[in-house]
Amino acid sequence: MSNKLFFLILILLCTYSCKDDVLLPKPKAQLRLEYPEAEFQKLVGDIYEFDYNSLANVKNQKGYSLTIDYPTMKGSIFITYKPIENNLEKLMSDAQRLSYEHVVKADGIETDVFENKKNKVYGVLYEVKGNAASQSQFYVTDSLKHFVTGSVYFYTKPNYDSIYPAAAYIQKDIRSIMESLKWKN
């Protein structure tokens with residue numbers, strides 16, 4: 001009789017274990033961040049000009065350096081200009097060092113070499129993946145007179161999953177800046 005009871009319990013357990021509904025906690029819903037298609041306007045300065053996203057505000061112009069602020073994304077691109085005075089190698093080394101300082105917190109860094117022979121603009125874009133303080137850095141130069149660096153920072157604790165949509169959007173804008181940049185003299 002105990003064998004019959006055992007088989008009955010086994011059959012009942014198998015019947016209940018074959019349910020389709022698995023009782024697992026559902027993840028919390030996340031907002032899907034979508035940003036409008038970029039519309040560009042031209043920033044004309046004394047040394048250089050480039051196109052930037054009309055969603056952004058240009059502010060904090062100090063000399064030839066400036067900040068392009070994205071208030072809806074709580075982030076900014078900080079652009080710094082330095083003249084080349086027999087120090088191109090040091091400027092490039094400093095820009096690369098700044099990008100690779102984020103390796104400590106980053107999951108990886110991808111580099112993308114940029115070259116526009118027509119406008120004499122050469123540079124590198126660094127995409128930082130992971131919870132680093134800055135998600136993108138770049139530099140461009142004409143190799144003779146001008147050197148421009150840029151870095152993206154968000155006004156929040158770095159959480160790559162949360163800021164990724166904004167970081168990817170701003171990175172496209174950085175590419176546009178690099179592609180449209182022209183030296184004035």
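Starting from 1, each residue takes its place in the sequence as its number.
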Are the side chain of [X] and the backbone of [Y] linked by a donor-acceptor contact shorter than 3.5 Å?
X      : Y      : result
Asn119 : Val121 : no
Ser134 : Ser136 : yes
Thr141 : Ser143 : yes
Ser65  : Tyr81  : yes

Can you confirm whether [X] sits close enough to [Y] that some side-chain heavy atom of one is under 4.5 Å from a side-chain heavy atom of the other?
X      : Y      : value
Met73  : Ile170 : yes
Leu91  : Lys82  : yes
Val128 : Gln137 : yes
Asn116 : Val140 : no
Thr156 : Ile163 : yes
Ile84  : Asn87  : yes

Pairwise distance [atom1]([X]) to [atom2]([Y]) - rounded to 0.5 angstrom:
X      : Y      : atom1 : atom2 : result
Leu66  : Phe78  : CG    : CZ    : 10.5 Å
Asp69  : Leu55  : CG    : CG    : 11.5 Å
Glu37  : Lys172 : CD    : NZ    : 7.5 Å
Ile174 : Ser151 : CD1   : OG    : 8.0 Å
Gln135 : Gln171 : CD    : CD    : 9.0 Å

Is there a donor in the side chain of [X] and an acceptor in the side chain of [Y], or the other way round, less than 3.5 Å apart?
X     : Y      : answer
Tyr48 : His146 : no
Ser54 : Gln41  : no
Asn57 : Tyr70  : no

Heavy-atom pair with the smallest gap, counting every atom of [X] and [Y]:
X      : Y      : value
Phe154 : Ala166 : CE2-CB, 3.7 Å
Ile79  : Phe50  : CD1-CZ, 3.9 Å
Tyr52  : Ala56  : CE1-O, 3.8 Å

### Pairs involving residues 107-133, ordered by first then second residue, that meet ring-ring contact (aromatic ring centres under 6.0 Å, His included) (sequence neighbours left out)
Tyr100-Tyr126
Kindly list each side-chain donor-acceptor pair under 3.5 angstrom involving residues 177-184, sequence neighbours excluded, with atom names and distances?
unit_1, atom_1, unit_2, atom_2, d
Ser180, OG, Asp51, N, 2.8
Ser180, OG, Ser176, O, 2.8
Trp183, NE1, Lys120, O, 2.9
Lys184, NZ, Gly45, O, 3.4

### Task
Report yes or no: do Val152 and Tyr35 belong to one cluster of Ile/Leu/Val/Met/Phe/Trp/Tyr joined by side chain heavy-atom distances under 4.5 Å?
yes
### Message
Are more than 12 heavy atoms, taken from residues, nucleotides or ligands other than Tyr155, located less than 6.0 Å from that residue's OH atom?
### Response
yes
### Task
Please check if atom NZ in Lys117 has more than 12 non-hydrogen atoms from other residues, nucleotides or ligands closer than 6.0 Å.
no
Got a sec, which residues hit salt bridge (Lys or Arg N to Asp or Glu O under 4.0 Å) with [X], two or more places apart in sequence or on another chain?
X      : result
Glu39  : none
Asp173 : none
Asp112 : Arg175

### Query
Quick one: do Asp142 and Lys145 make a salt bridge, cutoff under 4.0 Å?
no
### Query
Yes or no on side chain to side chain contact (heavy atoms under 4.5 Å, CB included) for Val58 and Thr67, after CA distance, side-chain angles and deciding distance?
CA-CA 6 Å; Val58 176; Thr67 302; over 6 Å; no
### Task
Taking side chain to side chain contact (heavy atoms under 4.5 Å, CB included) as the test, write out the residues that go with Thr149, two or more places apart.
Thr80, Ala95, Tyr139, Phe147
